[in-house]
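Along the sequence shown, residues carry numbers from 1. All figures in this text were calculated on a predicted structure; none of them were measured in a lab.
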Amino acid sequence: MKMQVFFRKGPHPGVPVVQELQPFAACAQHMEPPGSSDSLSWFVAASCMDSGKTSFKDCVNKAQIPSSSFKAISQCMQNSTQADDLVAKMNSQAANNPGPAWPW
């Protein structure tokens with residue numbers, strides 16, 4: 001599957017923010033580009049975090065991300081320059097995406 005997920009800059013109105021969501025989603029898609037893997041466990045974790053009701057750690061555990069994938073994503077997130085650049089790119093792609101977006 002060649003799915004891409006673009007999060008816009010900022011949170012949903014009135015929804016608590018899970019700070020790791022955007023760096024996690026941007027790094028996950030960078031480490032596992034669309035079509036490179038059949039595993040969408042990173043998307044399960046990102047979807048879980050998007051509600052703002054569940055912590056980063058709990059969402060990652062719930063999604064059962066393979067340890068090798070999670071290690072690579074975590075290393076990307078810890079490199080703040082790389083993660084910030086990937087988030088900015090993702091936000092830009094979201095701003096230019098004509099598809100459905102929040103707020104609904």
**OP:** Treating Ile, Leu, Val, Met, Phe, Trp and Tyr as nodes and any side-chain heavy-atom pair under 4.5 angstrom as an edge, say whether F24 and L86 lie in one connected cluster.
**Re:** no
Original post:
Are H30 and Q82 close enough that some pair of their side-chain heavy atoms sits under 4.5 Å apart?
Top reply: yes
Return all side-chain donor-acceptor pairs below 3.5 angstrom for residues 54-63, not counting sequence neighbours, or 'none' if the list is empty.
residue: S55; atom: OG; partner: D58; partner atom: N; Å: 3.1
residue: S55; atom: OG; partner: D58; partner atom: OD2; Å: 3.3
residue: N61; atom: ND2; partner: K57; partner atom: O; Å: 3.3

Original post:
Do you reckon V87 sits in the same ILVMFWY cluster as V18, going by side-chain contacts under 4.5 Å, direct or chained?
Top reply: no
For residues 40-47, dump all side-chain donor-acceptor pairs below 3.5 Å to protein atoms at least two apart in sequence or in another chain.
residue: S41; atom: OG; partner: S39; partner atom: OG; Å: 3.1
residue: S47; atom: OG; partner: F43; partner atom: O; Å: 2.9

**OP:** Under the side chain to side chain contact (heavy atoms under 4.5 Å, CB included) rule, collect the residues that match up with D85, sequence neighbours excluded.
**Re:** T81
Original post:
Atom CE in M49, atom OG in S51: separation rounded to 0.5 Å?
Top reply: 10.0 Å
Using residues 65-77 as the side-chain source, report each donor-acceptor pair under 3.5 Å to any protein atom, sequence neighbours left out, with the distance given to one decimal.
residue: S69; atom: OG; partner: E32; partner atom: OE2; Å: 2.6
residue: S74; atom: OG; partner: F70; partner atom: O; Å: 2.9

